[in-house]
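So that the names make sense, note that chain A is the first sequence line, chain B the second, and so on, each numbered from 1. Heavy-atom basis, side chains included; hydrogens, waters and symmetry copies ignored.
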2 protein chains.
Amino acid sequence: MNAAAPQGYDPHAFEPFAVTVDLAVFTVRESRLHVLLVERGEDPYKGHWALPGGFVLPSESAGTAARRELAEETGLTEDTVPSLHLEQLGTYSEPDRDPRMRVVSVAYAALVPDLPEPRGGGDAASAQWWDAGRLGTLAFDHDLILADARARIGAKLEYTCLATAFCPPEFTLGELQQVYETVWGVELDRPNFRRKVLATPGFVQAVEGPPRRTGGRGKPAALHRAGAATALHPPLLRPEGRST
Amino acid sequence: MNAAAPQGYDPHAFEPFAVTVDLAVFTVRESRLHVLLVERGEDPYKGHWALPGGFVLPSESAGTAARRELAEETGLTEDTVPSLHLEQLGTYSEPDRDPRMRVVSVAYAALVPDLPEPRGGGDAASAQWWDAGRLGTLAFDHDLILADARARIGAKLEYTCLATAFCPPEFTLGELQQVYETVWGVELDRPNFRRKVLATPGFVQAVEGPPRRTGGRGKPAALHRAGAATALHPPLLRPEGRST
DNA sequence: CTAATAGTGTCTCTCAGACACTATGGT
DNA sequence: ACCATAGTGTCTGAGAGACACTATTAG
C-alpha cells in the first residue's frame with residue numbers, strides 16, 4: 001500500500017484486475033454432503049460445472065457481493081439470507097486462473113440447511129445440488145477452492161458451534177450428530193456425542209414443549225435450537241483427526 | 001464466475017480494481033509482540049504508519065507479491081524468505097477503504113524470528129518494528145487487518161506448531177514458552193508447558209550435542225530445533241481462552 | 001550465600017472413549 | 001415380537017492444572 005502504483009494511480013493506465021466472488025455452498029442431504037454448482041453456459045469451460053459466483057460491483061464489498069450471489073443462486077429471500085452462515089475462505093489469484101483476463105476471486109463458504117430445492121430466480125437457472133463425494137472436475141480452479149472449503153468446514157466443526165448452521169431451526173441431537181458424521185466421514189459414539197454437546201453451555205438449548213419428532217421409526221427425539229455460543233471449549237476433536 | 005461481467009469481458013470497459021497485498025509481519029522482541037510498520041510518505045494518510053505492502057503485479061499471484069514485499073521490507077535475502085512462515089489472512093474490499101480508487105487488498109500474516117534490524121533496501125527506508133501493544137491509529141483499515149492478524153496468530157498457536165516460527169533455528173524451551181506467553185498475554189506453568197511440548201511428537205527435537213546456552217543467568221538450557229510436525233493434537237489451549 | 005532459570009516428579013480433576021443398559025416408538 | 005432410534009449410567013485411561021522439589025549457573 002505504500003509502494004507507488006505502476007504508472008501512479010491512474011485507474012485506467014495499467015492492466016486492470018477483475019474481482020469476483022466464488023461460493024462454496026454446502027448442505028447435508030440424506031446423510032451426504034452436497035454442494036451447489038451451476039452449469040456454465042459460456043465458453044471458457046462451457047458445459048462444465050462451477051461454483052456459483054460473480055463480479056464484485058463497484059459499490060460493493062466482496063462480502064456484500066457474496067451475500068447477493070448467495071440469495072440469487074439459492075433463490076432465498078433477502079430476509080433469510082442474513083441468517084445463513086457465510087464466511088470468507090481465501091482469495092485465489094494465480095495469473096492464469098481465468099484464460100480471458102486477470103481475475104482475482106474471493107472465495108466464500110456458506111452453510112445452509114437442507115433446502116426444498118435451489119432453482120434460483122437469477123441467471124442460475126441451472127443451479128443444482130451435487131453430492132460432494134461424487135464430483136467430476138470443475139471449471140477454473142474450483143476443485144482447489146472446493147477442497148479448501150471442505151477442509152475449512154471440517155476443521156471449524158471441531159472448535160465452533162457451526163454444525164447447527166446445517167440444521168433447521170429445530171433439530172434433534174441425532175440430526176446434529178449426522179452433520180458431524182457426514183462432514184467428517186466418521187461414525188461417532190452417540191452417548192458420548194450427547195454428553196459433549198449438552199455439557200457445552202450455549203451450544204444447544206432444549207425446546208421446552210413436549211413436542212417431539214421422529215426421523216423414521218424409533219423413539220421420538222427431543223427438539224433443540226441453536227444456542228448463543230459460537231466457540232466450543234474444549235473442542236470436539238474428530239477421531240484420529242488432523243486439523244486445518 | 002458464471003455471471004456476465006458488466007459490459008462483458010472487455011478489461012477496460014468498466015471501472016477497474018487495483019489489487020494490493022498488505023503484510024502483518026510479527027516478531028517477538030524482549031518479550032513483547034512487535035509488528036513491522038512503514039511510514040507513509042504520500043498523501044492519503046501521509047505521515048501515518050501503515051502495514052507494509054504493495055501492488056500485485058500483472059504476472060504475480062497475491063502470494064508471490066506478498067513474498068516479494070516481505071523480502072523488500074525486511075531486507076532479507078531471497079534465500080531466507082522462503083523459509084519464513086507466511087499465510088493468507090483474508091481480503092479487505094470495502095469500497096471506500098482507499099480514498100483514491102477502488103483497492104482490494106489481500107492481507108497476509110508473516111512470522112519471523114527476532115531480526116537484527118529491518119532497514120529494507122527497497123522503498124521501505126522507514127520500516128520499523130513497533131510494540132504491538134502500544135500502537136496509535138494506522139492508515140486505511142490497517143487497524144482492522146492488524147487486529148484480525150493478531151487474533152489469527154493467537155488462535156493458530158493453540159492447534160499448530162507455529163510458535164517455532166518466531167524462534168531462531170535453535171532455541172530453548174524457555175524461549176518457546178516466552179512466545180506463547182507474549183502472544184497470548186498470559187503466564188504458563190513451566191513444567192506443564194515442557195511436558196506438553198515434549199509429549200507432542202515432532203513439535204521440537206533436542207539438539208544432541210551437549211552445547212547449551214543461557215538467556216542471562218541461571219542454569220543453561222538444552223537447545224532444540226523445530227520438528228517436522230505442523231499440527232498439535234491435542235491442542236495446547238490457552239487458559240480461560242477463547243479461540244478464533 | 002542468594003537469585004534466577006532449567007528440569008523432574010506427583011497428585012488430582014476433567015473429560016473423552018468404550019460400552020452396557022433402559023425407554024419408546026413403528027412395523 | 002422385533003427393530004430402530006433416543007436416552008442414561010459407568011468404568012477407565014489420557015491429559016491438563018497445580019505445585020513441591022532438585023539441579024546448575026551468575027553474582
Side-chain angles (χ1 to χ4, degrees), chain A residues 30-31 157-159 167 170-182 184 186-201 203-224 231-243, chain B residues 30-31 157-159 167 170-182 184 186-201 203-207 209-224 231-241 243:
Chain A
E30 296 161 7
S31 300
L157 288 195
E158 291 194 338
Y159 56 93
C167 296
E170 299 194 336
F171 52 87
T172 69
L173 294 187
E175 290 165 348
L176 186 64
Q177 182 176 346
Q178 270 292 330
V179 169
Y180 280 90
E181 293 181 333
T182 299
W184 287 347
V186 299
E187 291 208 338
L188 301 178
D189 181 83
R190 186 167 38 78
N192 292 338
F193 178 80
R194 227 184 136 67
R195 193 208 313 148
K196 175 69 181 174
V197 170
L198 295 178
T200 303
F203 192 172
V204 299
Q205 58 186 102
V207 172
E208 271 309 330
R212 335 194 112 212
R213 194 179 71 181
T214 175
R217 52 191 171 296
K219 179 177 175 179
L223 290 178
H224 296 260
L232 216 54
H233 273 279
L236 202 169
L237 300 175
R238 64 191 120 175
E240 311 285 290
R242 309 194 51 74
S243 25
Chain B
E30 296 159 10
S31 301
L157 288 194
E158 290 194 340
Y159 56 93
C167 297
E170 298 194 339
F171 52 88
T172 70
L173 294 186
E175 291 165 349
L176 186 63
Q177 182 176 347
Q178 271 291 331
V179 169
Y180 280 90
E181 292 180 333
T182 300
W184 287 347
V186 298
E187 293 208 337
L188 301 177
D189 180 84
R190 187 165 39 75
N192 292 338
F193 179 81
R194 228 186 135 65
R195 192 205 320 144
K196 175 67 182 176
V197 170
L198 295 177
T200 303
F203 192 173
V204 299
Q205 59 186 103
V207 171
R212 335 194 113 211
R213 192 180 73 179
T214 175
R217 52 191 172 295
K219 178 176 174 178
L223 291 177
H224 296 261
L232 216 54
H233 274 279
L236 203 168
L237 300 175
R238 63 191 119 173
E240 310 287 291
S243 27

| field | Leu198(B) or Lys196(A), whichever maps to the more 5' nucleotide of DNA chain C | value | Leu198(B)
| remark: dist Phe193(A):CZ -> Arg190(A):CZ (nearest 0.5 Å) comes out at 11.5 Å
| said: How long is the straight-line distance from CD of Gln205(B) back to CG of Leu223(B), given to the nearest 0.5 Å? | reply: 12.0 Å
| Quick one: His224(A) NE2 to dG7(D) C1', roughly how many Å, whole number? | 10 Å
| message | Using whole Å, what does the distance between atom P of nucleotide dG9(D) and atom CZ of Phe193(A) come to? | response | 19 Å
| Between His224(A) and Leu198(A), is a side-chain contact (heavy atoms from CB on, under 4.5 Å) present by the stated rule, with each step listed? | CA-CA 10 Å; His224(A) 296 260; Leu198(A) 295 178; 4.1 Å; yes
| query | To the nearest Å, how far apart are Leu232(A) CG and dC15(C) P? | reply | 12 Å
| remark: In whole angstroms, the gap separating C1' of dA4(D) from CZ of Arg217(A) amounts to 6 Å
| Is there a donor and acceptor pair, one atom on the side chain of Arg195(A) and one on the base of dG9(D), closer than 3.5 Å? | no
| Distance, rounded to the nearest Å, where Arg238(A) contributes CZ and dA16(C) contributes P | 16 Å
| message | Once hydrogens and angles are ignored, does a donor-acceptor distance under 3.5 Å link the base of dA16(D) to the side chain of Asp189(B)? | response | no
| remark: The answer to which of Leu173(A) and Asn192(B) contacts DNA chain D further toward the 5' end, by nearest nucleotide, is Leu173(A)
| query | Which of these nucleotides, dT24(D), dC19(D), dG7(D), is closest to any side-chain atom of Pro191(B)? | reply | dC19(D)
| note | Rounded to whole Å, CG of Leu188(B) lies from P of dA18(D) at a distance of 11 Å
| message | Please evaluate residues Val179(A) and Phe171(A) with respect to the criterion side-chain contact (heavy atoms from CB on, under 4.5 Å), reporting the C-alpha separation (whole Å), side-chain torsions for both, the decisive distance (0.1 Å), and the verdict. | response | CA-CA 11 Å; Val179(A) 169; Phe171(A) 52 87; over 6 Å; no
| query | To the nearest 0.5 Å, what is the distance between CD (Glu158(A)) and CH2 (Trp184(A))? | reply | 5.0 Å
| In whole Å, what is the span from the CZ atom of Arg190(A) to the C1' atom of dG17(C)? | 15 Å
| Just how far, in rounded Å, is P of dC15(C) from NE2 of His233(A)? | 13 Å
| said: Looking at the base of dA6(D), is there any donor atom on it, or on the side chain of Arg194(A), that sits under 3.5 Å from an acceptor on the other one? | reply: no
